[in-house]
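Everything below concerns the one structure shown next.
Residue numbers start from 1 in every chain, and the chains themselves are labelled A, B, ... in the order their sequence lines are given, proteins ahead of strands. Note that this is a predicted model, so its numbers are computed, not measured.
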Amino acid sequence: MSGFKSDFLRVLNERGFIHQISDPEGLDARCLKGPITAYVGYDATATSLHIGNLISATMLHWLQETGNRPIALMGGGTSMVGDPSFRDDQRKLLSVETINTNIEGIKKIFGKILRFGDGQLDGIMVNNADWLLKLNYVEFLRDVGRYFSVNRMLSFDSVKLRLDREQSLSFLEFNYMIMQGYDFVELNRRYDCILQMGGSDQWGNIINGVDLSHRMGGNQLYALTTPLLTTSSGAKMGKTANGAVWLNGDLFSPYEFWQYFRNTEDADVVRFLKIFTRLSLDEIARLGALGGSEINEAKKVLATEACAIVHGREAAEAAAETARKTFEEGAHSDDLPTIEIPRGDLEVGVGVLAAFVQAGLAASNGDARRSAQGGGLKVNDATVSDPKQTLSLADLTDDGVIKLSLGKKKHILLKPV
RNA sequence: GGGGGAAUGUCCCGAGUGGCAAAGGGGGCGGACUGUAAAUCCGCUGGCUAGGCCUUCGUAGGUUCGAGUCCUACUUCCCCCA
């Protein structure tokens with residue numbers, strides 16, 4: 001499936017976005033005939049999208065960039081049910097308020113990735129609550145439900161895990177794929193949308209929409225999925241100690257985001273540059289050719305470029321500069337994450353362990369104590385050897401702060417107020 | 001409706017003769033080696049005013065000097081029969 005003629009599929013293919021396409025030749029031919037409309041759906045499971053969602057959102061970007069129309073679908077309706085795909089337990093039911101709050105958070109990112117407006121090829125943002133919540137049960141069953149075979153639905157890999165583990169799959173969740181299938185058909189009716197994209201875990205759900213359109217005598221629709229991103233050593237992409245790599249700055253700061261990409265494994269640099277930056281393939285090839293420790297330069301470019309897309313160029317440069325000062329000069333930058341501490345506390349003296357807990361670098365005194373025993377705690381770059389040590393005004397550096405470090409990478413500044 | 005199983009350290013999986021802060025993995029964190037990489041090796045992975053105390057094995061009671069382990073009821077989930 002390499003010889004795509006259309007700009008859109010060629011770009012996606014070259015940059016490593018394609019895992020499966022339902023009818024590659026057919027879709028390629030359709031893309032050549034003129035602009036197409038395609039969509040990706042996002043459920044309101046959190047107040048922000050995470051790095052995994054960024055991949056499909058980036059596909060929407062390239063879609064628009066190559067002269068087509070993108071739709072970002074907010075799953076206000078489907079989130080009422082919850083996608084059971086590849087999950088071994090039921091999701092918690094979300095309240096309507098939570099769903100709406102989450103959607104507001106999720107929407108933010110699209111302004112940075114797509115161009116919206118009233119023009120022919122401007123992006124569209126819709127919410128499937130607009131049509132799903134209005135459906136009449138029996139009518140829906142007769143119009144749409146009749147086309148779904150339970151036998152077939154049970155055969156999808158996405159629910160196999162659940163069934164094989166003998167965990168219950170509720171009827172509520174079982175309806176999810178029907179709703180998503182219906183979404184696709186509805187978007188085709190409303191906007192002539194012919195392609196749905198998503199992560200590889202969405203294949204079954206997307207194919208259901210393609211089939212439903214057939215059975216209802218509708219248009220030919222297409223499915224396209226991206227590979228599940230894992231690091232070369234096999235870990236799932238986008239997970240850190242504290243959870244997901246969020247796109248919203250209030251959950252995951254630009255500096256943290258920059259650091260996440262800076263720590264990419266060597267073997268993943270080129271792959272990630274293609275997916276998470278908009279650099280030309282020539283430039284990426286050049287960066288990928290750097291050998292040995294020089295590849296660190298490529299990682300910095302990756303971090304800055306990826307960060308710039310999500311947080312803006314300025315924040316990305318600032319994160320890069322903070323990192324440069326911290327790691328290359330061994331100095332500390334005012335831009336490091338900072339925690340305020342009452343001046344009075346320092347006058348009295350604060351236990352080191354408690355200080356690390358306050359800074360969020362340790363979960364408890366015991367946790368901090370253990371880190372200290374392993375030689376992982378530092379105050380102003382000096383290893384903490386005595387857990388009973390206290391911090392006072394005398395520990396302030398010339399810049400009037402105290403730098404706490406956990407390991408080599410995590411630094412927090414304590415600032416008296 | 002009847003019968004039989006299951007729930008363990010608040011990340012996950014998973015052992016557990018009545019003496020248990022509870023085996024072992026995975027993951028995570030820290031250290032060494034490096035290049036803020038990978039691989040490898042080592043340490044840690046309930047809380048605290050810290051070698052003493054406190055809270056943990058689905059929930060609530062009970063038996064016992066002592067309960068994750070035994071008894072009763074309840075909850076949730078699986079399987080079989082109707």
Side-chain angles (χ1 to χ4, degrees), chain A residues 84 86-93 161-173 230-245 255-273 287-288 290-304 306-307 319-333 336-337 348-354 356-357 359-379 381 383-388 390 404-412:
Chain A
F86 299 99
R87 291 182 62 94
D88 56 8
D89 57 351
Q90 180 167 152
R91 287 174 188 272
K92 256 181 73 182
L93 275 187
L161 177 68
R162 206 54 170 278
L163 300 173
D164 289 349
R165 287 186 128 213
E166 301 182 340
Q167 296 285 317
S168 144
L169 175 69
S170 71
F171 183 67
L172 172 81
E173 299 173 279
T230 54
T231 66
S232 290
S233 34
K236 257 187 219 149
M237 174 93 194
K239 291 285 179 193
T240 70
N242 305 324
V245 176
Y255 175 73
E256 288 175 289
F257 192 88
W258 195 93
Q259 280 297 326
Y260 180 79
F261 278 100
R262 175 63 184 80
N263 286 302
T264 297
E265 295 176 24
D266 288 6
D268 296 323
V269 171
V270 168
R271 204 155 48 104
F272 288 2
L273 277 167
L287 291 168
L290 297 173
S293 62
E294 283 188 358
I295 200 159
N296 282 323
E297 291 310 312
K299 291 184 190 178
K300 288 179 204 168
V301 173
L302 168 63
T304 303
C307 191
E321 179 57 15
T322 301
R324 196 186 63 76
K325 279 189 191 155
T326 308
F327 290 98
E328 292 175 23
E329 290 180 11
H332 65 258
S333 159
L336 278 176
V348 182
V350 181
V352 243
L353 302 182
F356 275 91
V357 173
L361 291 175
S364 65
N365 279 4
D367 189 29
R369 188 185 304 269
R370 283 189 292 268
S371 292
Q373 273 160 4
L377 298 188
K378 290 195 186 119
V379 173
D381 299 315
T383 303
V384 174
S385 50
D386 175 16
K388 290 205 172 92
T390 57
L404 302 183
S405 311
L406 170 66
K408 281 177 280 194
K409 296 185 185 176
K410 290 176 209 119
H411 310 281
I412 301 268

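A salt bridge does not link A/Lys378 to A/Asp381: none of the charged side-chain nitrogens sits closer than 4.0 Å to a carboxylate oxygen.
Atoms CG (A/Asp367) and P (B/rG43) sit 19 Å apart, rounded to a whole Å.
Looking at heavy-atom distances under 4.0 Å, A/Leu377 makes no contact with the nucleic acid at all. Residue A/Arg262 is classed as a base contact, given a heavy-atom separation below 4.0 Å to a base. Among the atoms of the strands shown, base atoms are found under 4.0 Å from some heavy atom of A/Gln259. Backbone-only contact: A/Lys410 has heavy atoms under 4.0 Å from sugar-phosphate atoms and none from a base. Residue contacts for A/Gly407: at a heavy-atom cut-off of 4.0 Å it reaches the sugar-phosphate backbone alone, with no base atom in range.
For the P atoms, the distance linking B/rC70 with B/rA7 amounts to 11 Å, nearest Å. With both ends at atom C1', the span from B/rC12 to B/rU45 equals 14 Å, rounded to whole Å. Distance noted for atom P between B/rA38 and B/rG31: 13 Å (whole Å). Here the separation of B/rC44 from B/rA22, taken at their P atoms, is 14 Å to the nearest Å. Annotation: B/rG19 and B/rG25 have their C1' atoms spaced 26 Å apart (nearest Å). The gap from the C1' atom of B/rC74 to that of B/rG28 amounts to 37 Å, rounded to the nearest Å. Comparing the C1' positions of B/rU55 and B/rA50 gives an interatomic distance of 15 Å, to the nearest angstrom. Separation of the C1' atoms belonging to B/rU56 and B/rU10 is 10 Å when rounded to the nearest angstrom.
The nearest pair of heavy atoms linking A/Ala323 to A/Tyr255 is N-CE1, 4.2 Å.
Under the Watson-Crick and G-U wobble criteria, each requiring two contacts below 3.5 Å, nucleotide B/rG24 is paired to B/rC13. In this structure B/rA67 sits in no base pair that meets the Watson-Crick or G-U test at under 3.5 Å. Look at B/rU40: its Watson-Crick or wobble partner, with both distances under 3.5 angstrom, is B/rA32. Look at B/rU75: its Watson-Crick or wobble partner, with both distances under 3.5 angstrom, is B/rA7.
Nearest-nucleotide assignment on RNA chain B puts the 5′-proximal partner with A/Ser293, out of A/Lys388 and A/Ser293. Each of A/Gly376 and A/Phe327 lies near RNA chain B, and the nucleotide nearest A/Gly376 is the one positioned closer to the 5' end.
In summary, of the residues considered (A/Asp266, A/Thr264, A/Asn263), a side chain to side chain donor-acceptor pair (under 3.5 Å) with A/Lys299 occurs for A/Asp266 alone.
The base of B/rG35 sits within donor-acceptor range of the side chain of A/Asp266, with an N or O pair under 3.5 Å. A donor and an acceptor atom never sit less than 3.5 Å apart when one is taken from the side chain of A/Lys300 and the other from the base of B/rU36.
Between A/Arg369 and B/rG46 there is no side-chain polar atom (N or O) within less than 4.0 angstrom of OP1 or OP2. Residue A/Thr264 has no polar side-chain atom (N or O) positioned under 4.0 Å from OP1 or OP2 of B/rA37.
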